[in-house]
Amino acid sequence: MIPITLPKTSSEDAERTLFDTIEAQFSLSDEKLHDIVGQFLEDFRVGLSEYNHPMAMIPTFVTGVPNGSETGTFLALDLGGTNLRVCEVKLLGNHEFTLRQQKYKVSDALKTGEASVLFGNYLADSVDAFLTTPSVSPTTAAQNPFAGSSAIDEINPEVDPALPLGLTFSFPVEQTALNQGKILTWTKGFAAKNAIGHDVVQLLQDAFNRKHLHVRCVALVNDTVGALLSRAYTAGGCILGAIFGTGTNGAYVEKVENIAKLGDAPVRKSGGEMVINAEWGAFNNTRSVLPSTPFDNKLNRKSINPRYQAFEKFISGMYLGEITRNILLTLIDAAPKPLIFNGFSSSTLNDHYGIDTAIMSEIEAAWEAGRPQDAHVKPVEGAHDPVLDTSAPEVPHTNGTKAKEVPHHFTEVDKASPEDVARLEKIRGIISQLFFIDLEHVSLRDAAIVRWAVSIVANRAAQLSACAVATVLIQTGRAKLGGGIIPAEDRVIVGVDGSLIQYYPNFNARLRASLRMLVGEDVESRVDIGMAKDGSGVGAALCALQAIKQGL
């Protein structure tokens with residue numbers, strides 16, 4: 001980025017104008033948000049009609065969701081990186097479940113060796129070790145956990161004695177059925193030989209068979225689909241599972257008739273509904289409607305995947321800290337004089353991805369600490385931080401004031417209340433400690449500027465996240481852009497997971513404020529957003545349940 005150049009006799013007014021200009025680049029008008037949702041809907045339509053588009057709209061072949069009455073015991077296998085996780089999920093039939101799990105480390109030798117060794121000597125052996133611990137009953141036909149289970153017997157009277165297992169496989173696959181998917185490539189340091197092009201479910205099942213394990217892999221699942229299924233079980237239904245964390249993605253329930261790219265496939269002829277894995281992190285890779293700034297352009301250019309995953313780079317936890325870092329470096333490098341930290345930087349600020357989104361969260365938490373909660377504030381189900389209820393009338397402005405207060409520019413710290421000065425002092429300490437800048441070079445004004453930069457980046461992320469949720473509501477006929485349709489259900493259930501939605505201060509409140517504008521207060525007030533419990537574990541087990549329901 002070209003360093004900012006101020007007039008040689010720069011004044012506070014000129015500096016404030018510069019800050020306001022940057023903020024304007026991150027501000028999204030109602031009209032702009034409407035345009036983004038319009039493009040989202042078009043990308044949905046294209047992705048449902050044709051294969052090989054960035055927003056892939058992948059059919060999952062999951063044709064139903066649980067309602068919380070199901071019972072039974074299911075296994076889940078979660079392979080996604082450094083560790084393998086094996087889970088036993090017992091569904092209790094009252095929207096509740098119990099979970100037992102064990103992690104097993106994946107060595108580098110296993111990651112790069114023969115696929116038969118990875119799947120046979122590691123995955124299968126890990127499942128065997130998990131099942132033979134004292135707390136799990138032997139998986140013999142005589143002690144089949146499904147015996148007498150209405151959830152299974154209603155579908156298939158001849159109960160298979162093998163334990164059904166759902167596999168969460170966090171690598172690119174071409175899924176052709178609920179229990180079939182060819183490995184396209186390895187990522188995350190994996191390079192197991194003789195695996196590419198093979199069906200991952202069959203590789204795993206062959207390993208189970210060689211070990212004579214009474215386990216049957218019946219479902220291949222994405223963690224976003226798992227989030228949808230997990231929330232459906234605990235809440236009695238769900239139309240959308242969304243991840244707002246290190247990355248972002250969504251899976252939602254679509255009418256099969258709308259999935260034109262399935263052509264004359266039997267699953268389409270049977271009608272009904274199917275869960276679609278949207279892969280919305282790749283929305284608008286051309287950036288024709290996404291609001292790029294110079295700070296976003298720098299991030300994209302220096303990323304490992306330039307011009308890809310555009311939407312994800314605006315809203316996910318992996319990238320928000322880097323956007324903020326780009327803003328702060330520009331202010332440090334401003335001429336003829338720096339605008340923050342007396343021109344001092346640090347290894348944290350100079351290093352690519354040196355600022356983690358967790359630091360942003362800590363700064364915003366310090367700014368919100370001790371503020372009186374609105375009467376409408378209540379905890380979101382499953383979340384640790386309080387967020388605004390659907391009827392909350394306002395959210396904080398980026399300048400730190402409420403709508404009902406007389407605003408002052410955020411740089412005018414001399415006009416701040418004693419309470420806000422105390423909050424800025426705490427933020428000074430956070431900056432000095434986590435940015436590794438001597439406290440003498442961090443003024444109260446610097447603290448206010450850093451808090452402002454953090455806020456405008458996070459606020460935009462929440463607004464764009466709302467666009468994704470609104471798109472699903474409109475696509476499924478539950479809302480109209482701008483309002484106007486009341487859903488038939490008393491409530492519309494959404495399952496979410498990820499560090500941003502769960503922990504980041506006011507992220508959910510900001511998302512809901514934009515969602516309210518996009519679909520109207522009447523519809524938004526019916527949207528029940530709650531945490532999905534362990535989509536990659538519990539969700540995979542629930543996908544195994546769904547596979548049994550579908551006769552697999």
Side-chain angles (χ1 to χ4, degrees), residues 40-65 78-80 166-187 196-201 218-230 232 238-243 247-268 270 272-285 305 308-312 316 468 471-472 475-476 495 497 532 535-536 539-540 542-544 546-547 550 552:
F40 236 125
L41 288 165
E42 174 61 14
D43 282 16
F44 266 38
R45 184 193 67 78
V46 172
L48 290 170
S49 301
E50 304 169 352
Y51 288 97
N52 301 317
H53 285 276
M55 199 158 71
M57 306 297 288
I58 300 169
T60 67
F61 301 92
V62 176
T63 56
V65 299
D78 179 13
L79 179 64
L167 170 63
T168 298
F169 189 72
S170 301
F171 302 92
V173 297
E174 180 184 349
Q175 192 161 352
T176 53
L178 182 51
N179 60 350
Q180 293 176 0
K182 291 183 179 180
I183 303 174
L184 296 177
T185 185
W186 288 111
T187 58
I196 304 301
H198 291 272
D199 182 352
V200 63
V201 174
V218 295
L220 179 62
V221 63
N222 170 275
D223 60 350
T224 313
V225 178
L228 188 157
L229 297 176
S230 175
C238 185
I239 68 151
L240 168 64
I243 307 295
T248 186
N249 190 17
Y252 75 101
V253 181
E254 178 62 89
K255 292 179 180 177
V256 174
E257 65 187 52
N258 292 336
I259 313 173
K261 64 185 178 185
L262 289 176
D264 296 328
V267 69
R268 191 174 183 221
S270 63
E273 296 179 323
M274 181 185 292
V275 176
I276 291 291
N277 169 18
E279 291 293 339
W280 70 35
F283 165 63
N284 199 221
N285 278 344
N305 56 348
Y308 290 95
Q309 294 297 102
F311 189 63
E312 188 165 73
S316 73
T471 298
V472 171
Q475 173 69 21
T476 57
D497 199 2
S536 60
L542 287 165
C543 200
Q546 186 58 38
Q550 293 176 209
L552 297 177

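None of these values were measured; they are calculated from a predicted model.
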More than 12 heavy atoms from other groups under 6.0 Å of OH on Y51: yes
Flag for D78-S536: side-chain donor and acceptor within less than 3.5 Å: yes
Note, Q550 side chain near T63 side chain (heavy atom, < 4.5 Å): yes
For D199, side-chain contact (heavy atoms from CB on, under 4.5 Å) partners two or more places apart: Q180, V201, Q202
Which residues share a salt bridge (charged side-chain N to carboxylate O under 4.0 Å, His left out) with D497, sequence neighbours left out: none
Qualifying residues under ring-ring contact (aromatic ring centres under 6.0 Å, His included), relative to F61, sequence neighbours excluded: none
side-chain hydrogen bond (donor to acceptor under 3.5 Å, both in side chains) partners of N258, counting only residues at least two apart: E254
Taking every non-hydrogen atom, the tightest pair across A227 and A532: O-CB, 3.2 Å
Residues which pass salt bridge (charged side-chain N to carboxylate O under 4.0 Å, His left out) with E257, listed by chain and number, not counting sequence neighbours: none
K261 side chain to G47 backbone, donor-acceptor under 3.5 Å: yes
Those residues that, when tested against E42, pass side-chain hydrogen bond (donor to acceptor under 3.5 Å, both in side chains) (two or more places apart): R45
Contacts of A547 that satisfy side-chain contact (heavy atoms from CB on, under 4.5 Å) - sequence neighbours left out: L178, V218, A219, L552
Parallel, tilted or perpendicular: rings of F169 and F171 (30°, 60°): tilted
S316: partners by side-chain contact (heavy atoms from CB on, under 4.5 Å), with sequence neighbours left out: E312, M318, Y319
Contacts of type side-chain hydrogen bond (donor to acceptor under 3.5 Å, both in side chains), residue Q175, not counting sequence neighbours: none
Sequence-distant partners of L41, side-chain contact (heavy atoms from CB on, under 4.5 Å), two or more places apart: V37, T471, I474, Q475
For L220 against V173, the heavy-atom pair lying closest together: CD2-CG2, 4.1 Å
Interatomic distance, I58 atom CD1 to L48 atom CG [nearest 0.5 angstrom]: 11.5 Å
Evaluation steps, side-chain contact (heavy atoms from CB on, under 4.5 Å), between M274 and I259: CA-CA 9 Å; M274 181 185 292; I259 313 173; 4.1 Å; yes
CG-CG distance between N179 and L167, expressed to the nearest 0.5 angstrom: 11.5 Å
Side-chain touch T476/V253, heavy atoms, less than 4.5 angstrom: no
Backbone of A540 reached by a side-chain donor or acceptor of T168 within 3.5 Å: no
Passing candidate, side chain to side chain contact (heavy atoms under 4.5 Å, CB included) with T60, options I276, V275, V221: V275
Reported SG-to-CG distance for the pair C238 and L228, which is rounded to 0.5 angstrom: 4.0 Å
Validation row: C543, V62 side chains within 4.5 angstrom (heavy atoms): yes
Verdict with reasoning, H198 to I183, per side-chain contact (heavy atoms from CB on, under 4.5 Å): CA-CA 6 Å; H198 291 272; I183 303 174; 5.5 Å; no
Pairs flagged by salt bridge (Lys or Arg N to Asp or Glu O under 4.0 Å) wherever residues 46-59 is involved - sequence neighbours left out: none
Distance in Å, N285 CG paired with M55 CE, rounded so as to fall on 0.5 Å steps: 10.0 Å
Non-hydrogen side-chain atoms of W280 and T248 separated by less than 4.5 Å: yes
Partners meeting side-chain hydrogen bond (donor to acceptor under 3.5 Å, both in side chains) with N277 (sequence neighbours left out): N249, E279
Plane angle bin for Y252 and F44 - parallel if under 30°, tilted between 30 and 60°, otherwise perpendicular: parallel
